[in-house]
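Since the structure comes first, as structure tokens, the remarks are kept for the end.
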Amino acid sequence: MPSEADVLLVPPLQADEIAELLVHHRLASRMAGRIHRASGGNPRLALAVGRSLADASTPVHHAEALPLSGRARDLARRMLAVAPPAVRSALLLAALALRPTAALVRRAGRPSAEAELAAAERAGLVSLTEDGAVRFTAGLLPTTLVHDTCWTERSRAHTALAQVVDDPVEAVRHRALATDVPDEDLAAEVAAAVDTVRRRGNSALAAELALLAAESTPAHLARRRIARLAAAAGEAARAARADLALRAAADLLARDAEPADRVRARLAVIDTAGQGLTDLDEMFVHALEDAEGDPALRAAVLLRLTVKHVLADADPVRSRAAAVESAALAASVGDRHMAAQALTQQARMDRVLGAPDAERALAEARALEMADRPLGVRNAAQILTARHALFDDRLGEARDQINALLPLVERRGPVEDTIELLHTLAAVEARRGQCAAALQHAHRSLALTLEAGLSPGPAWYTLALAEAAGGSFARAASYARRSVQASEEEGDHVFLSRSLYALGRVQLLTGDVSGALETLRRVQDNERALRTVDPAMLRWHEELAEALLANDAREQAEELLADVGPVAERLGRTTVLLGFDRAYALCLAAGGKPEDAAALLVETAERFAAHGLVLEQGRCLIALARVERRRRRRSAAQQALQSAAAVFERAGAAPWLRLTGEAPGRAESAPAGGDALSRLTDAEARLARLVGQGASNQEAAARLYLSVKTVEARLTRIYQKLDVRSRAQLATVLSIGPDNGAGPPR
């Protein structure tokens, strides 16, 4: 029988597959990238690490050093147990080196390094490249090996490596790690190395060295140690290393530090928390206290509060107020960069709150940003400008802006800016009907997100949009559900609304009307809590209106459209109004005015096409086909479906093409009972199918989330419309067999 270590040697999963595994087991998915790195794609290790996170006593936000206790450590130890002492000694040198190779391990005191590492490779612990580089198969292995090795042995290994590495930076790092005696000369060397590696673009190593320099500073140089700790916290924030930021901040805050240093340390911790700001209230309170009387520091704290107020507190009004104060304070001390960031956040909230002059603050921010830094560095205002163009369906403009900015940001900017640009570009291409490009950008944004260890919630939302355009509705729903879970884990109200919208839209399109209504109601509640006014930012209103209509709540659908329509008119949201026209046309059809509905749908489809919104054009044509079938105009209905299919085929919109019945492998003839069903509303058609298949009133009520009385009343109307008197006659009219389940609304 194979040992447990043998069982663990399975083909590795990709980062996205690890994320899906975590979601399936109801474990924290926001750290999927870190967990994939720690587990090397090994599912059992990934689950063990995920459970360690779930059992952690304090929240972990994007930490490099995960709480690897209990079962996770035990599994890693069992894997390492197959290595004899000589192999473990070689592996320890590889684990401690920055760029381990077989040659380096040999020079550091292992003459048989190649043979020892080959044995480790056969055991599945490392992989060896053609040039001799050593890579551990799971990040958990080197950390566990180092964790379980005594200080004396680690010190000897670092000393040996310091003597043979060819990079002075690596040499000074090993020398510092080889001793636990503070030494100012050594600390100064390490601090100087920080500048070197920062110029090389290695922010993670810069953060590690900055903290090492601080910790190597002798106790009698207290002020110098505090200054280095503050610098280390800042380096950790730039590298998104929450573990190092927390270590530096904890050390600094335990000392007699100046208020300014305490503020900077706390801001570093806040900056590495990503979107998980829910548990940082105390951190913000103390930061504001320490910033009292210092306009620059207070501006910096308020800038972070603008994000917390909207993401974690769902309060855009407080967010805007903090942004306005931050911008004024930053301007008063001549900090144009911070003023630009604050004005950008003000512009975000102005747009959310429906302010008519939302673009004014954004224009000011863009001017300051362009004057303060070279293009490609911290381009928040320029990125938001592209997002506003997306919201307004100025898609060509948005695409051109992003394509001009993206190469510069990739070279000079932080990875978060690159990811946000890819999110926006994917959404633009999906909206334009450039489905293949949308999928490409969305997948790339997810890969960068997982590699950086950021929360995958926003990337999964973007993938849901792209998959719904040109991939698969099933995959779109899966990504949307993952995004919902990650957003709930983070307490991120903004992306919770977005991911619920993506899920509800797919549910509606695939015929799960009850599920769509429930999901979109959550969006409505969340957006009301967020006090979002501008309907262009998240177009859930038209989807909810159609879901209400499909559930025989026409009056509620019309009331919703009537409430938000004037807001869209006031703000000049032309294409939002077109979406409302599509939904209102369906209301007209349900209200007995199919001719008016058909005319409005034809006009709306043409106007969508004029705006370059081809998927929306095709969706209108599908709706037109439904209306024409109810008018018993088969030829007109078929022509509308064929036109929609042609639109979707040109766009590469595979899931939409299937809705027309023109996808390869799908029968082109109308389903059984099509003539009868065309006389019913969508809600009536779903009930008719269930009853025709033999469901009782109670069973149908449970399946459709209705009361039995509602089912009885609806069934009476169905009998009247189809001129039948019994369930048997209904089944005969519909000719529905047990395999003809209810599909998407037609």
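Hydrogens, waters and symmetry mates play no part in the numbers below; they use all other heavy atoms, side chains included. Counting from 1, the numbers follow the sequence of the chain as shown.
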Closest approach of A476 to V506 (non-hydrogen atoms, all atoms of both residues): CB-CG2, 3.9 Å
Side chain to side chain donor-acceptor pair (under 3.5 Å) partner of E429, the single match among Q434, R399, Q440: R399
Taking everything shown except E397 itself, do over 12 heavy atoms lie less than 6.0 Å from its CD? yes
Minimal heavy-atom distance between G504 and T519, with the atoms involved, is N-CG2, 3.6 Å
Inter-residue atom distance T462.OG1 - L439.CG, 0.5 Å rounding: 11.5 Å
Within the supplied structure, the quantity of interest is the number of heavy atoms (other residues, nucleotides, ligands) at a distance under 6.0 Å from E712 CD; does it exceed 12? yes
Test log, rule side chain to side chain contact (heavy atoms under 4.5 Å, CB included), inputs V533 and R570: CA-CA 11 Å; V533 173; R570 174 176 64 83; 4.0 Å; yes
Side chain to side chain, H611 and D393, heavy atoms closer than 4.5 Å: no
What one should report as the nearest heavy-atom pair of V513 and A550 is CG1-CB, 3.5 Å
In Å, rounded to the nearest 0.5 Å, how long is the span from CZ of R394 to OG1 of T575? 10.5 Å
For L560 against A545, the heavy-atom pair lying closest together: CD2-N, 3.8 Å
Does T424 use its side chain to pair, donor to acceptor, with the backbone of E420 at less than 3.5 Å? yes
Using 0.5 Å steps for rounding, measure from the CG atom of D279 to the CD atom of E490. 10.0 Å
Decide yes or no for R432 and V614: does some side-chain heavy atom of the first lie under 4.5 Å from some side-chain heavy atom of the second? no
Euclidean distance, Q507 CD relative to S514 OG, rounded to 0.5 Å: 10.0 Å
Side-chain donor-acceptor pairs of residues 578-602 under 3.5 Å, sequence neighbours excluded:
{"from": "R582", "atom 1": "NH1", "to": "E546", "atom 2": "OE1", "distance (Å)": "2.6"}
{"from": "R582", "atom 1": "NH2", "to": "E542", "atom 2": "OE2", "distance (Å)": "3.3"}

Would you say the side chain of R619 lies within less than 4.5 Å of the side chain of L509, judging by non-hydrogen atoms? yes
Any side-chain heavy-atom pair of V352 and L530 under 4.5 Å: no
Under a 4.5 Å cut-off applied to non-hydrogen side-chain atoms, are L390 and L395 in contact? yes
List the steps and the verdict of side chain to side chain contact (heavy atoms under 4.5 Å, CB included) for L311 and H493. CA-CA 5 Å; L311 289 185; H493 294 278; over 6 Å; no
Between R631 and E628, is the closest basic N to carboxylate O distance under 4.0 Å? yes
Do L538 and T532 come close enough that some side-chain heavy atom pair is under 4.5 Å? no
Going by an N to O cut-off under 4.0 Å, is there a salt bridge joining R714 and E684? no
Heavy-atom pair of closest approach, residues L730 and I718: CD1-CG2, 4.1 Å
Derivation and outcome, side chain to side chain contact (heavy atoms under 4.5 Å, CB included), residues Q485 and E489: CA-CA 6 Å; Q485 178 174 324; E489 289 171 6; 3.1 Å; yes
Please confirm whether the backbone N or O of D315 pairs with a side-chain atom of S319, one donor and one acceptor, at under 3.5 Å? no
Just by modelled atom types, is the Q639 backbone N or O under 3.5 Å from a matching donor or acceptor in the S643 side chain? yes
Under the 3.5 angstrom rule, does the side chain of H441 hit a backbone N or O of A427 as a donor-acceptor pair? no
Heavy-atom closest pair, residues A469 and C435: O-SG, 3.5 Å
What I want to find out is whether R539 reaches E543 closely enough, with some N-O distance under 4.0 Å, to be called a salt bridge. no
Any idea how F648 and W656 line up, ring-wise: parallel (<30°), tilted (30 to 60°), or perpendicular (>60°)? tilted
Report yes or no: is the cationic atom of R498 (NZ for Lys, CZ for Arg) closer than 6.0 Å to the six-membered ring centre of F495, at no more than 45° off its axis? yes
Minimum side-chain heavy-atom gap L463-R475 below 4.5 Å: no
Note, H443 side chain near E467 side chain (heavy atom, < 4.5 Å): yes
Decide, yes or no, whether a salt bridge links R522 with E488 under the criterion of side-chain N to carboxylate O below 4.0 Å. yes
Measuring from atom CG of L641 to atom OG1 of T660, what distance do you get when rounded to the nearest 0.5 angstrom? 6.5 Å
Report the distance from atom CZ of R689 to atom CG of L687, rounding to the nearest 0.5 Å. 11.0 Å
Hydrogens and angles aside, do Q720 and R717 bring a side-chain donor and acceptor to less than 3.5 Å of each other? no
With side chain to side chain contact (heavy atoms under 4.5 Å, CB included) as the criterion, how do V523 and L496 come out once you've worked through the C-alpha distance, each side chain's angles and the decisive distance to 0.1 Å? CA-CA 8 Å; V523 179; L496 178 59; over 6 Å; no
